[in-house]
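Only one structure is covered here, and it is reproduced in the block below.
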Amino acid sequence: MDIRHIRYFLEISRQGSISKAAKVLQMTQPPLSAALKNLEDELGVKLLERTARGIVPTRAGELLLEKGARLVDETDQLARELSRQGKGLSGSLHLAVILPFAWAYLPRVLARFGDLSPNADVTLTDVQSATVIEGIRSGSLDIAVVATGAPAKMRTMYQEDIVVEPISKLSLSAVLPNRFKDSPKSVNLAELMDETWLLPSPSIRVPGITELMVDYWLEQGLSLPRMKSVTSLQTTLPLVAADMGISIMPPEIQQIAKTTVVTRNVEPPLPPLHVVALWSSQRALSEVASKFVEVLLGPRARRSL
């Protein structure tokens with residue numbers, strides 16, 4: 001069945017007249033009558049009959065009137081939804097985002113994205129360095145925002161199938177237990193070398209803060225301190241608060257840690273982490289994902305997509 005013919009039938013039924021329906025539909029009577037006959041011939045049943053009250057549906061017509069109106073509504077709704085998706089206004093977006101970026105920057109990015117794509121369904125997860133690359137490659141993640149100390153190395157590592165696009169830099173501070181609360185705003189690195197450093201396990205897939213710190217210590221001519229592996233920021237903060245070690249994180253951590261830990265600058269200054277966006281170069285981004293990249297990167301997005 002041609003959906004247009006169903007629309008014509010519905011309008012004729014509403015108006016009770018082919019001539020009135022033709023005016024509403026802005027067409028002449030002959031093609032409208034022909035379309036109705038074609039629909040009846042296709043279905044093999046009479047849909048409308050003439051009475052003293054005008055044209056009214058037959059029993060078969062009443063069934064089509066009920067089911068057809070629903071079909072037209074669903075078709076229109078589908079068309080609108082597909083149009084919104086085509087314009088990046090709706091659809092699903094699966095993101096993995098490092099927590100410091102999520103705290104400091106993501107709310108503003110999502111707010112702007114929400115203005116442009118008000119019907120998008122956003123799923124947000126923490127970045128797990130062991131699985132984020134596989135997520136991008138498999139398509140379970142559309143975009144990942146990760147932090148690395150070696151963006152150029154990552155670009156070389158994944159040049160065959162993943163886009164690595166810089167977003168911003170994250171400064172780093174020492175995260176210390178409260179016994180350092182009276183210390184100056186900046187502490188000397190040498191004063192911290194006897195502490196236990198709580199750092200993530202090194203990652204081959206996404207070289208991160210641990211690799212950055214090892215390079216930093218070696219550049220300063222220092223031996224590596226005692227290190228203990230942690231799995232996440234959430235597990236690190238209680239350990240620091242309990243004076244079981246120190247760590248390195250963006251200073252934004254103070255926003256959630258409140259008074260349980262203190263942050264201090266380190267001298268010589270620590271190198272920053274680079275925040276980069278990752279997505280597959282082997283699959284075209286959906287319209288909604290492309291819209292998010294435009295918000296995330298600004299004018300640079302056109303060169304990257």
Side-chain angles (χ1 to χ4, degrees), residues 93-102 104-106 109 124-173 197 199-225 227 229-233 247-250 252 266 268-286 289-305:
L93 178 64
H94 299 277
L95 301 175
V97 182
I98 54 168
L99 284 180
F101 186 85
Y105 304 103
L106 190 61
V109 173
L124 185 63
T125 60
D126 295 343
V127 165
Q128 301 294 328
S129 59
T131 59
V132 67
I133 297 300
E134 286 74 9
I136 293 293
R137 284 173 169 162
S138 69
S140 62
L141 290 175
D142 295 309
I143 301 166
V145 178
V146 305
T148 178
K153 181 178 180 180
M154 284 192 65
R155 199 171 289 117
T156 300
M157 289 168 60
Y158 301 118
Q159 59 184 335
E160 297 296 328
D161 61 346
I162 294 178
V163 177
V164 179
E165 189 66 30
I167 301 174
S168 62
K169 295 179 181 179
L170 285 176
S171 60
L172 294 172
S173 298
W197 289 70
L199 298 171
S201 298
S203 170
I204 297 176
R205 295 176 179 85
V206 183
I209 196 167
T210 301
E211 292 83 351
L212 181 145
M213 288 304 300
V214 168
D215 290 343
Y216 173 76
W217 286 319
L218 295 178
E219 287 174 4
Q220 300 301 318
L222 299 170
S223 300
L224 299 185
M227 288 183 280
S229 293
V230 290
T231 57
S232 67
L233 291 177
S247 192
I248 292 291
M249 298 180 194
E252 287 83 2
V266 174
L270 295 169
L273 276 176
H274 296 260
V275 180
V276 298
L278 310 177
W279 66 86
S280 174
S281 61
Q282 302 302 299
R283 293 185 307 277
L285 285 174
S286 67
S290 296
K291 188 72 68 176
F292 182 81
V293 170
E294 290 176 12
V295 173
L296 191 63
L297 301 184
R300 290 187 294 118
R302 294 183 180 180
R303 299 196 298 270
S304 303
L305 294 172

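Bear in mind that the values here come from a model prediction, so they are computed numbers and not experimental data.
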Contacts of Thr231 meeting side-chain hydrogen bond (donor to acceptor under 3.5 Å, both in side chains) (sequence neighbours excluded), chain-then-number -> Thr235
Minimum heavy-atom distance Leu296-Ala277, with the two atoms named = CD2-CB, 3.9 Å
With sequence neighbours excluded, tell me which residues meet side chain to side chain contact (heavy atoms under 4.5 Å, CB included) with Ser171.
-> Pro251
Quick one: do Leu124 and Leu106 satisfy side chain to side chain contact (heavy atoms under 4.5 Å, CB included)? Show the steps, please.
-> CA-CA 11 Å; Leu124 185 63; Leu106 190 61; 3.6 Å; yes
Tyr105 and Val97, any side-chain heavy atoms less than 4.5 Å apart = no
Which pair of heavy atoms, one from Ser247 and one from Leu199, lies closest together, and at what distance?
-> OG-CD2, 4.3 Å
Hey, are the side chains of Trp217 and Trp197 touching, using non-hydrogen atoms and a 4.5 Å cut-off?
-> yes
For Tyr158, all residues meeting ring pair (Phe, Tyr, Trp, His ring centres under 6.0 Å), sequence neighbours excluded | none
Minimal heavy-atom distance between Pro200 and Ile209, with the atoms involved, is CD-CG2, 3.5 Å
Residues two or more places apart in sequence or in another chain: which of them pass side chain to side chain contact (heavy atoms under 4.5 Å, CB included) with Pro271?
-> Leu212, Tyr216
Anything under 3.5 Å between a donor and an acceptor, one on a side chain of residues 142-155, the other on a protein residue two or more places apart or in another chain? List them.
from, atom 1, to, atom 2, distance (Å)
Asp142, OD2, His94, N, 2.7
Thr148, OG1, Ala150, N, 3.0
Thr148, OG1, Pro207, O, 2.5
Arg155, NE, Val164, O, 3.3

Nearest 0.5 Å, what's the CE-CG distance between Met249 and Leu273?
-> 11.5 Å
Atom CG of Leu224 and atom CE of Met213: how far apart are they, to the nearest 0.5 Å?
-> 10.0 Å
Separation between CG (Leu141) and CG (Leu93), nearest 0.5 Å, reads 10.0 Å
Might you point out which heavy atoms bring Gly139 and Arg283 nearest each other, and give the distance in Å?
-> CA-NH2, 3.2 Å
Would you call Ile162 and Ser281 a side-chain contact if the rule is heavy atoms closer than 4.5 Å?
-> no
Got a sec, which residues hit side chain to side chain contact (heavy atoms under 4.5 Å, CB included) with Ser140, two or more places apart in sequence or on another chain?
-> Ser138
Sequence neighbours left out, what passes side chain to side chain contact (heavy atoms under 4.5 Å, CB included) with Gln282? Give chain and number order.
-> Asp161, Ser280
What are the two closest non-hydrogen atoms of Thr210 and Pro202, and how far apart are they?
-> CG2-CG, 4.1 Å
Sequence neighbours excluded, every pair satisfying salt bridge (Lys or Arg N to Asp or Glu O under 4.0 Å) that has a member inside residues 200-216 = Glu134-Arg205
Can you sort out the partners of Ser201 under side-chain hydrogen bond (donor to acceptor under 3.5 Å, both in side chains), two or more places apart, ordered by chain and number?
-> Ser229
